[in-house]
Amino acid sequence: MKIREKEICQAAEAFGTPLYIFDTDALLDRFRYFRKYLGEEISLTYCMKTNPFLTAESLPEASRIEVCSDGEFRICRTLKIPPERLLISGVLKRETDLREILDYCGNQALYTAESPAQLELLNHLGEERGLALSVLPRLTSGSQFGMDEDTILSYIANRKSYPGVEFRGIHFFSGTQKHRLAKHRKELLKLDDFCRRLEQEAGFRVPMIEYGSGFGVPYFQDQEEDVTTPESLGEFQEMVHSMTWKGEFTLEMGRALAYDTGLYITKVCDVKKNNGKNYAITDGGIHQLHYDGQIRGMYCPEVQVLPEEMNREEKQHYSICGSLCTTNDILIGDFECRPLQAGDLLAFGRAGAYSVYEGMSLFLSHELPGVVLWNEDQGIRPVRLQTQTYPLNTPEIR
């Protein structure tokens with residue numbers, strides 16, 4: 001990220017803390033990085049659940065936006081994302097939601113089918129509107145998601161009985177934070193075998209594969225990229241090229257694109273010592289920031305203490321704790337830095353992806369942090385002011 005200390009402090013002063021800052025230049029740079037080492041023939045889909053505030057910002061580089069809920073669809077509609085750029089995914093597809101989505105997208109979007117019931121519903125709605133909806137059946141990885149090979153094969157073999165849908169390919173995603181290419185190699189071999197089976201047993205040549213990579217990323221100090229290094233991406237590209245199946249291959253990503261595009265800014269509000277141990281209490285906490293793999297602050301993420309020029313005394317050790325009434329609210333168990341005082345800012349890095357959204361946002365009815373976007377040309381742009389959550393937790397008095 002290129003945002004400077006002065007701009008971080010100005011944003012915190014203008015919009016308050018806690019605050020999220022997302023660097024949109026860094027997001028687009030990350031897209032270009034993947035495109036450089038994967039090649040132009042592999043398309044990139046942005047999973048907006050990673051960070052909805054980066055949805056529109058990803059459009060210059062993303063082939064599609066993956067939408068996993070009716071709420072996410074409404075965000076895209078508000079942002080006027082073109083229907084042909086949407087992949088309508090998600091475990092739950094209610095008929096009322098799909099009708100609303102079809103009013104906007106028609107047969108221009110791609111739709112995944114998670115189950116026989118979803119596929120039947122998509123076919124029904126397509127027939128009702130005189131459309132053939134473009135559908136990607138989701139192949140299960142052995143979890144509750146998707147359908148098994150035999151089920152998908154039976155539908156595709158009988159595709160003439162389903163005029164409301166057009167089978168456009170296969171969707172596959174098995175999980176996130178996968179740090180070894182061996183896992184991806186195994187999955188691509190599985191997909192290759194299934195595509196071969198579909199052609200042999202159903203006479204269907206699969207036009208496209210939408211593959212959720214789940215590439216793992218580093219969050220903490222002394223961790224480095226592994227499956228997303230140039231060398232590993234080159235190896236992944238070769239794995240795709242070596243498949244017997246040939247067609248349109250789209251890599252679906254979120255975390256690996258956005259994780260290093262965000263800062264979480266929280267203010268030190270109190271400093272104290274208990275039984276010889278230093279504690280710094282912030283106005284944020286684990287309800288607003290979560291790193292995958294973090295357990296009671298055991299690991300130290302990238303953190304910057306602002307302002308930097310203050311107080312160059314010998315460093316001290318602190319337990320950085322949030323504002324929740326639980327002993328679990330530990331952002332960092334052991335953080336070494338210059339002496340802290342009330343009013344200092346802590347800028348937590350690598351906070352551009354799910355880490356922002358996986359916390360207990362409504363716990364204790366604290367405010368939702370403000371959100372600002374930043375790039376070199378436009379500077380700071382507020383996109384959400386601090387929002388109180390207590391109305392959501394207040395019962396109606398009748």
Side-chain angles (χ1 to χ4, degrees), residues 1 3-21 218-224 259-260 262-370 386 389:
M1 294 181 64
I3 186 169
R4 294 164 284 273
E5 176 187 340
K6 179 180 178 182
E7 292 167 306
I8 296 172
C9 293
Q10 287 175 342
E13 178 67 25
F15 303 106
T17 57
L19 179 71
Y20 300 121
I21 301 176
Y219 277 125
F220 307 111
Q221 290 180 4
D222 302 322
Q223 290 182 339
E224 297 181 352
Y259 84 104
D260 204 15
L263 293 173
Y264 174 68
I265 315 300
T266 184
K267 182 184 294 183
V268 176
C269 296
D270 198 1
V271 179
K272 59 185 175 181
K273 181 177 289 188
N274 284 343
N275 298 321
K277 184 174 182 178
N278 294 319
Y279 290 89
I281 309 300
T282 71
D283 57 5
I286 60 171
H287 58 311
Q288 297 171 350
L289 182 70
H290 172 75
Y291 293 104
D292 189 84
Q294 181 68 291
I295 304 172
R296 285 179 58 83
M298 285 176 56
Y299 304 106
C300 188
E302 292 185 346
V303 183
Q304 187 178 5
V305 180
L306 304 175
E308 287 188 326
E309 72 277 4
M310 287 184 60
N311 204 333
R312 296 292 182 179
E313 297 176 29
E314 186 176 346
K315 292 183 177 180
Q316 298 183 11
H317 289 260
Y318 292 88
S319 180
I320 308 297
C321 302
S323 56
L324 303 183
C325 295
T326 168
T327 55
N328 292 322
D329 193 8
I330 303 172
L331 290 166
I332 315 175
D334 185 8
F335 181 55
E336 185 180 18
C337 64
R338 67 159 172 82
L340 295 175
Q341 60 186 34
D344 285 339
L345 299 178
L346 299 178
F348 285 77
R350 297 178 176 177
Y354 296 97
S355 54
V356 174
Y357 300 98
E358 292 181 343
M360 306 172 289
S361 300
L362 299 183
F363 186 52
L364 287 185
S365 300
H366 282 296
E367 72 285 336
L368 289 177
Q386 277 196 1
T389 66

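Numbering starts at 1 and runs along the sequence shown. Computed from a predicted structure; not experimentally measured.
Q304 CD to M1 CE: the interatomic distance, rounded to the nearest 0.5 Å, is 10.0 Å. Note that CD1 of I281 and SG of C269 are 9.0 Å apart. Values are rounded to the nearest 0.5 Å. E367 CD to D283 CG: the interatomic distance, rounded to the nearest 0.5 Å, is 7.0 Å. To the nearest 0.5 Å, atoms CZ (F335) and CG (L340) are separated by 7.0 Å. Expressed to the nearest 0.5 Å, how far CG of L345 lies from CD1 of I8 amounts to 9.0 Å. Atom CZ of F363 is separated from atom OG of S323 by 10.0 Å, given to the nearest 0.5 angstrom.
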Assess the residue pair D344 and R338 against the criterion (side chain to side chain contact (heavy atoms under 4.5 Å, CB included)); give the C-alpha distance rounded to whole Å, side-chain angles, the decisive distance to 0.1 Å, and a yes or no. CA-CA 11 Å; D344 285 339; R338 67 159 172 82; 3.0 Å; yes
Determine, step by step, whether M360 and H366 satisfy the side chain to side chain contact (heavy atoms under 4.5 Å, CB included) criterion, reporting the C-alpha distance in whole Å, the side-chain angles of both residues, the deciding distance to 0.1 Å, and the verdict. CA-CA 10 Å; M360 306 172 289; H366 282 296; over 6 Å; no
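Put simply, the side chain of I332 reaches to within 4.5 Å of the side chain of P301, judged on heavy atoms. Side-chain contact between H287 and L364 is absent, with no heavy-atom pair separated by less than 4.5 Å. Side-chain contact between Q386 and P18: present, with at least one pair of heavy atoms (C-beta onward) separated by less than 4.5 Å. In this structure, the side chains of R296 and T327 come closer than 4.5 Å at one or more pairs of heavy atoms. The shortest side-chain heavy-atom distance between Y354 and D292 does not fall under the 4.5 Å cut-off. In this structure the side chain of T266 never reaches within 4.5 angstrom of the side chain of I320, judged on heavy atoms. Considering only heavy atoms from C-beta on, L346 comes within 4.5 Å of V305 through its side chain. The shortest side-chain heavy-atom distance between S365 and T389 falls under the 4.5 Å cut-off.
Under the 3.5 Å distance criterion, the side-chain polar atoms of D329 are left unmatched by any main-chain donor or acceptor of C321. Of the possible donor and acceptor atoms, none in the side chain of E5 sits under 3.5 Å from a partner among the backbone N and O of P307. Here the side chain of Q223 pairs a donor or acceptor atom with the backbone of Y219 at under 3.5 angstrom. Y318 places no side-chain N or O within donor-acceptor distance of the main-chain N or O of V271, the cut-off being under 3.5 Å. Of the possible donor and acceptor atoms, one in the side chain of R350 sits under 3.5 Å from a partner among the backbone N and O of P218. Put simply, the side chain of Y299 never gets that close to the backbone of G293: no donor and acceptor are under 3.5 Å apart.
Looking at every heavy atom in both residues, A347 comes nearest to L306 through CB-CD1, 4.4 Å. Closest heavy-atom contact between V268 and A280: CG1-CB, 4.3 Å. Taking each heavy atom of A351 and L289 in turn, the nearest pair found is CB-CD1, 3.9 Å. Residues S319 and I330 come closest through the heavy atom pair OG-CG2, 4.0 Å. Of all the heavy atoms in L331 and G285, the pair that sits closest is CD2-C, 3.8 Å.
Using cut-offs of 30° and 60° for the angle between ring planes, the Y291 and F220 rings count as perpendicular.
The number of heavy atoms from other shown groups lying within 6.0 Å of CG (D222) does not exceed 12. Q221 CD: more than 12 foreign heavy atoms inside a 6.0 Å radius.
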